[in-house]
Amino acid sequence: VQLQASGGGLVQAGGSLRLSCVASGSIVRLNAMGWYRQAPGKQRELVAAITRGTRGGITNYADSVKGRFTISRDNAKNTGYLQMNSLKPEDTAVYYCNADHAVGTGRPVTYWGQGTQVTVSS
């Protein structure tokens, strides 16, 4: 299973970006998907996560992005999204996606995508 993240870029404060994370390979079932970010000199932190659900899944957000970011997924396309609005300079970081891949009854394996740079100018 491979994850490909895209959609990062340079944007002014107050602007928006939409990140995508496409899973490919021998996919059986993707459970939870998430977005993390890592700013220079800081630890990687969870931004948002979403479970696999029949009605879009249950979402969870870091306090710093609540009300500004929205995580979603399209199970048919094995793709996750992160809509980022009202961006702030402190959102600048490399953003990573991950997904838990379940095969049968075994423990799901977590896969990570490569990072995509998000830079917000003031």
Side-chain angles (χ1 to χ4, degrees):
V1 175
Q2 297 84 39
L3 299 181
Q4 179 72 41
S6 62
L10 173 64
V11 64
Q12 289 188 334
S16 298
L17 285 173
R18 188 191 195 205
L19 305 184
S20 298
C21 178
V22 180
S24 62
S26 299
I27 298 171
V28 176
R29 176 185 172 92
L30 294 177
N31 290 343
M33 300 183 74
W35 289 93
Y36 288 71
R37 67 186 181 187
Q38 187 167 18
K42 295 187 177 181
Q43 291 187 332
R44 189 174 297 189
E45 62 174 357
L46 173 68
V47 176
I50 184 169
T51 63
R52 182 186 183 98
T54 55
R55 297 185 179 182
I58 298 171
T59 58
N60 181 44
Y61 297 93
D63 288 342
S64 59
V65 306
K66 283 181 180 177
R68 300 188 297 122
F69 290 11
T70 302
I71 189 171
S72 61
R73 64 190 293 169
D74 184 334
N75 293 328
K77 296 182 179 179
N78 291 319
T79 300
Y81 305 96
L82 184 68
Q83 177 67 44
M84 305 186 295
N85 298 329
S86 302
L87 282 161
K88 304 176 181 180
E90 50 263 44
D91 294 319
T92 295
V94 179
Y95 283 70
Y96 300 89
C97 64
N98 76 354
D100 290 339
H101 182 238
V103 179
T105 58
R107 178 178 296 219
V109 176
T110 300
Y111 292 87
W112 289 86
Q114 90 296 355
T116 184
Q117 177 70 47
V118 171
T119 303
V120 184
S121 63
S122 57

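Between Arg37 atom CZ and Cys97 atom SG the span is 15.5 Å, to the nearest 0.5 Å. For the atom pair CD1 (Ile58) and CD1 (Ile50), the distance works out to 9.5 Å, reported to the nearest 0.5 Å. To the nearest 0.5 Å, atoms CG (Asn75) and CG (Asn31) are separated by 9.5 Å. We find the CG-OG1 distance between Asn85 and Thr70 to be 6.5 Å, quoted to the nearest 0.5 Å. From Asp100, atom CG reaches atom OG1 of Thr110 across 3.5 Å, with rounding to the nearest 0.5 Å. A distance of 4.0 Å separates CD1 in Ile27 from CG in Asn78, rounded to the nearest 0.5 Å.
Nearest heavy-atom pair across Met33 and Ala99 is CG-CB, 4.0 Å. The heavy-atom pair separating Gly8 from Val118 by the smallest distance is CA-CG2, 4.1 Å. Taking all atoms of both residues into account, the shortest heavy-atom contact from Ser16 to Gln83 is CB-NE2, 3.9 Å. In terms of heavy-atom proximity, Val1 sits nearest to Tyr111 at O-CD2, 3.4 Å. The shortest non-hydrogen separation linking Ala39 to Ala93 is N-CB, 3.8 Å.
Follow the hydrophobic side-chain contacts under 4.5 Å out from Leu19 and you never reach Tyr96; the two are in separate clusters. Hydrophobic cluster membership is shared by Val65 and Leu82, with clusters built from Ile, Leu, Val, Met, Phe, Trp and Tyr side chains linked at under 4.5 angstrom. If you chain together hydrophobic residues whose side chains sit under 4.5 Å apart, Leu3 and Trp35 never meet in one group. In the hydrophobic clustering of this structure, Val109 does not group with Val103; members are Ile, Leu, Val, Met, Phe, Trp, Tyr whose side-chain heavy atoms approach within less than 4.5 Å, directly or through other members.
Side-chain N or O atoms of Asp74 include none that pairs as donor or acceptor with a backbone N or O of Thr79 at under 3.5 Å. In terms of modelled atom types and a separation under 3.5 Å, the side chain of Thr92 and the main chain of Val120 share a donor-acceptor contact. Judged by distance alone, with hydrogens and angles left aside, the side-chain atoms of Arg29 form no donor-acceptor pair with the main-chain N or O of Ala102 at under 3.5 Å.
The side chain to side chain contact (heavy atoms under 4.5 Å, CB included) test with Val11 is passed by exactly one of Asp91, Thr119, Leu17: Leu17.
Within a 6.0 Å sphere centred on CG of Leu46, other residues, nucleotides and ligands contribute more than 12 heavy atoms.
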>> What verdict does the side-chain contact (heavy atoms from CB on, under 4.5 Å) test give for Leu30 and Arg73, after you've listed the backbone C-alpha separation in whole Å, the side-chain angles of each residue and the deciding distance to 0.1 Å?
In response: CA-CA 11 Å; Leu30 294 177; Arg73 64 190 293 169; 3.9 Å; yes
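Listed by first and then second residue, the salt bridge (charged side-chain N to carboxylate O under 4.0 Å, His left out) pairs that reach into residues 76-90 come to none, sequence neighbours excluded. Contacts classified as ring pair (Phe, Tyr, Trp, His ring centres under 6.0 Å) and involving residues 55-84 (residues at least two apart or in different chains) are not found.
Using a 3.5 Å distance cut-off with no hydrogens or angles, the side chains of Gln4 and Ser6 do not pair a donor with an acceptor.
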